[in-house]
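Shown next, in structure tokens, is the structure this report addresses.
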Amino acid sequence: MKNIKSIFLLAFLMTAATGFAQQTPAPKQTEAITIVGATAHIGNGEIIENSLIILEDGKIRTITNANSTKMPYRGTVIQAEGKHVYPGFIAPNSSLGLVEIDAIRQTDDESELGELLPHVRSIVAYNAESKVVESMRPNGVLIGQITPRGGRISGTSSIVQFDAWNWEDAIMKENDGLHINWPNSFRRGRWWAGEDPGVKPNDEYMKESKELTEFFSNAKAYLAGSRSQTHLPFEAMERVFSGEKKVYIHADGEKEIMDIINFKKDNDLENVILVGGYNAYKVSDELKNNNISVLLARAHQTPNLDDEDYDLPYKMAKLLTDKGIIVGLETSGGMERMNTRNLPFYAGTAVAHGVNKEEALKMITSNTAKILGIDDTVGTLEEGKDATLFISEGDALDMRTNKLSKAFIQGRDISLESHQTELAKRYSEKFENQEQEASQGQ
């Protein structure tokens, strides 16, 4: 009897898990796919109005104007006249897959205890079956940089694609960069400790900055020595100093950004990227001269200060691109994992405030791919690159017309279903049935 009960319990749990599990990852592409007639947004500023795109073995084999070629169609043919094709959007500086439900601590694995943790790897905590990750795909967000949070040095990020069985399958670029949270020169008073909640200078700023400088100096000394005793944090810095691993420094203030530029010079760091960059436009010339790109914080926020332009966050992308800085868009902040699906609409906001539409598209495709160091495989629709792209019914940067009909990751025809689409279908059918019953009753 006990065995029978156990079998029934197991069957129930498996049924429940099936009902709430993520969509099964798509199988490897085995047949060529031809997309005909769509307006192709290449991701580098170019557009092909009447395109012919052939996907084969997970790669883009052909992309050309359908009017200028007699190339035969291959495999499955998708007629996409009147639609638009885009490269898969890329979400940098994201904690997707590291937290599922904010209020449940057991599902929160975005940070570790400690302050200086360059050896922490976010990828081993990434949940490829996250419902939140799944909900990115219907808006065209197909790739993300999974980034740890917390501490002064948070750890190392990795880049994944959003259709995988596990983190090993998801990896596109493992351990791509080190993330540093630069100290703030100002801070708000701790009201819960009886302090004035207003903004005031951070008396510990110089001390906290010096701790970072000393850590880098000590790491260099360790790596140049005998290494008789293994020091994991210092070992993790080797690829930083060699230039193989990028350094993402999170900061917003003008003084902080200037100190970061000096820090880059003092430590001879090749690949430094500014993340956040609220006041980056004030020192844009210095950033340009020191070859520092910016992953700009989300546009949908209010100004920090009362005397700033009301639309400052909306036009920051234009202020930086006009100075020749490579800008990508990121989505960190409140409700950041859920808000990541709005990435294309942040680009759309930049368009509404002066950025050319194809230039704004670059901020979530080719620019971000360059910044992350994955532009050899994704970011643009070019022959030889991964077939990671999607077909939209309309303008993908406009929330009214961003309606995907197909999406592919490395040539695999992925599902666009999610928990949200299931609920939408369920309740739309419910109300349709109620209307039918009401009309029949009359």
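On a predicted model such as this, the values are computed, not experimentally measured, just so you know.
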Quick check on Leu305: does its CG atom have over 12 non-hydrogen neighbours (other residues, nucleotides or ligands) under 6.0 Å away?
yes
Should the pair Glu393-Lys403 be classified as a salt bridge under the 4.0 Å nitrogen-to-oxygen rule?
no
Close side-chain approach of Glu308 to Tyr278, heavy-atom, < 4.5 Å
yes
Atom of Ala360, atom of Ala347 and distance for their closest heavy-atom approach:
CB-O, 3.6 Å
Does Phe186 offer a backbone N or O that forms a donor-acceptor pair with the side chain of Asn184 under 3.5 Å?
no
With Thr64, which residues qualify under side-chain contact (heavy atoms from CB on, under 4.5 Å), at least two apart?
Leu52, Thr62, Ser68, Thr69
Would you compute the distance between atom CG of Leu96 and atom CD of Glu110 and round it to the nearest 0.5 angstrom?
11.0 Å
Tell me yes or no: between the side chains of Ser185 and Glu256, is some donor less than 3.5 Å from an acceptor?
yes
Arg74 atom CZ: more than 12 heavy-atom contacts under 6.0 Å:
no
Mind telling me whether Tyr314 and His353 have parallel, tilted or perpendicular rings, with 30° and 60° as the class edges?
tilted
Does any part of the side chain of His41, heavy atoms only, come nearer than 4.5 Å to the side chain of His84, both counted from C-beta?
yes
Do Thr421 and Leu416 touch side chain to side chain, with heavy atoms closer than 4.5 Å?
no
Does Ser284 reach the main-chain N or O of Ala280 with its side chain, forming a donor-acceptor pair under 3.5 Å?
no
Going through the checks in order, is the side chain to side chain contact (heavy atoms under 4.5 Å, CB included) test met by Thr380 and Glu46?
CA-CA 10 Å; Thr380 55; Glu46 299 176 11; over 6 Å; no
Can a donor-acceptor pair be found between the side chains of Glu417 and Ser415 at a distance below 3.5 Å?
no
Does Lys245 use its side chain to pair, donor to acceptor, with the backbone of Arg239 at less than 3.5 Å?
no
Looking at Arg298 and Glu336, is any side-chain nitrogen of the basic one under 4.0 Å from a carboxylate oxygen of the acidic one?
no
What one should report as the nearest heavy-atom pair of Phe215 and Pro233 is CZ-CB, 4.1 Å
Are the side chain of Thr107 and the backbone N or O of Ile101 linked by a donor-acceptor pair below 3.5 Å?
yes
With a 6.0 Å cut-off (strictly less than), is the heavy-atom count around OH of Tyr73, excluding the residue itself, greater than 12?
no
Answer yes when Lys362 and Glu359 have at least one side-chain N-carboxylate O distance shorter than 4.0 Å, and no when they do not.
yes
Do side-chain atoms of Ser122 reach the backbone of Ile146 as a donor and acceptor pair under 3.5 angstrom?
yes
Is there side-chain contact between Glu382 and Ile63, with at least one heavy-atom pair below 4.5 Å?
no
Any chance the side chains of Tyr248 and Asp176 put a donor and an acceptor closer than 3.5 Å?
yes
Any donor-acceptor pair under 3.5 Å from Asp252 side chain to Gly277 backbone:
yes
Yes or no on side chain to side chain contact (heavy atoms under 4.5 Å, CB included) for Met136 and Val132, after CA distance, side-chain angles and deciding distance?
CA-CA 7 Å; Met136 300 299 113; Val132 185; 4.2 Å; yes
CG of Asp268: more than 12 outside heavy atoms within 6.0 angstrom?
no
Which atom names give the shortest non-hydrogen contact between Ala38 and Val85, and what distance separates them?
CB-CG2, 3.5 Å
Could you check whether Glu100 and Ser130, counting side-chain N and O atoms only, form a donor-acceptor pair closer than 3.5 Å?
yes
Testing the basics here: between Pro87 and Ile42, what is the closest heavy-atom pair and its distance to 0.1 Å?
CG-O, 3.5 Å
Distance col, row Leu296:CG vs Glu330:CD, nearest 0.5 angstrom, shows 7.5 Å
Does CG in Asp311 sit with more than 12 non-hydrogen atoms of other residues, nucleotides or ligands closer than 6.0 Å?
yes
Considering only NZ, NE, NH1 and NH2 on the basic side and carboxylate oxygens on the acidic side, decide whether Arg152 and Glu211 come within less than 4.0 Å.
no
Are there over 12 heavy-atom neighbours, none belonging to Lys220, within less than 6.0 Å of that residue's NZ?
yes
Please answer whether the main-chain N or O of Ala66 pairs with a side-chain N or O of Asn50 as donor and acceptor at a distance below 3.5 Å.
no
Can you find a pair of side-chain heavy atoms, one from Tyr346 and one from Asn339, that are under 4.5 Å apart?
yes
Between the side chains of Thr230 and Glu235, is a donor N or O closer than 3.5 angstrom to an acceptor N or O?
no
Would Thr24 and Trp165 count as a side chain to side chain contact (heavy atoms under 4.5 Å, CB included) if you check the C-alpha gap in whole Å, the side-chain angles of each, and the deciding distance to 0.1 Å?
CA-CA 8 Å; Thr24 301; Trp165 289 101; 3.5 Å; yes
Hey, are the side chains of His231 and Asn218 touching, using non-hydrogen atoms and a 4.5 Å cut-off?
no
If every non-hydrogen atom of Val133 is compared with every non-hydrogen atom of Phe162, which pair is closest and at what distance?
CG1-CD2, 3.6 Å
Would you confirm whether Ser366, through its side chain, and Gly43, through its main-chain N or O, come within 3.5 Å as a donor-acceptor pair?
yes
After noting the C-alpha distance and the side-chain angles of Lys173 and Thr377, does the key distance pass the side chain to side chain contact (heavy atoms under 4.5 Å, CB included) rule?
CA-CA 11 Å; Lys173 186 174 183 181; Thr377 56; over 6 Å; no
Can you tell me how far apart CD (Gln410) and CG (Leu142) are? Round to the nearest 0.5 Å.
10.5 Å
So, are Arg400 and Asp398 salt-bridged, with charged N and O less than 4.0 Å apart?
yes
Other residues, nucleotides and ligands only: do more than 12 of their heavy atoms fall within 6.0 Å of NZ on Lys323?
no
Once rounded to the nearest 0.5 Å, what's the spacing between atom CD1 of Ile261 and atom CD of Glu286?
6.0 Å
Heavy-atom side-chain contact between Val275 and Thr147 under 4.5 Å:
no
Side-chain contact, heavy-atom cut-off 4.5 Å: Leu312 with Leu319?
yes
Reported CG-to-OG1 distance for the pair Asn175 and Thr156, which is rounded to 0.5 angstrom
5.5 Å
CD on Gln29 to CG on Leu55, rounded to 0.5 Å:
6.0 Å
Side chains of Thr331 and Thr340 only: does a donor on one sit below 3.5 Å from an acceptor on the other?
yes
For Asp413, what residues pass the side-chain hydrogen bond (donor to acceptor under 3.5 Å, both in side chains) criterion, not counting sequence neighbours?
Lys406
Does Asn271 reach the main-chain N or O of Gly243 with its side chain, forming a donor-acceptor pair under 3.5 Å?
yes
For Asn181 and Ser154, test the side chains for any donor-to-acceptor distance below 3.5 angstrom and give the result as yes or no.
yes
Of all heavy-atom pairs linking Leu274 and Ile292, the shortest is N-CG2, 3.8 Å
Flag, side chain of Asn139 to backbone of Leu343, donor-acceptor distance under 3.5 Å
no
Taking atom CZ as the centre, does Phe431 end up with more than 12 heavy-atom neighbours from other residues, nucleotides or ligands that are less than 6.0 angstrom away?
yes
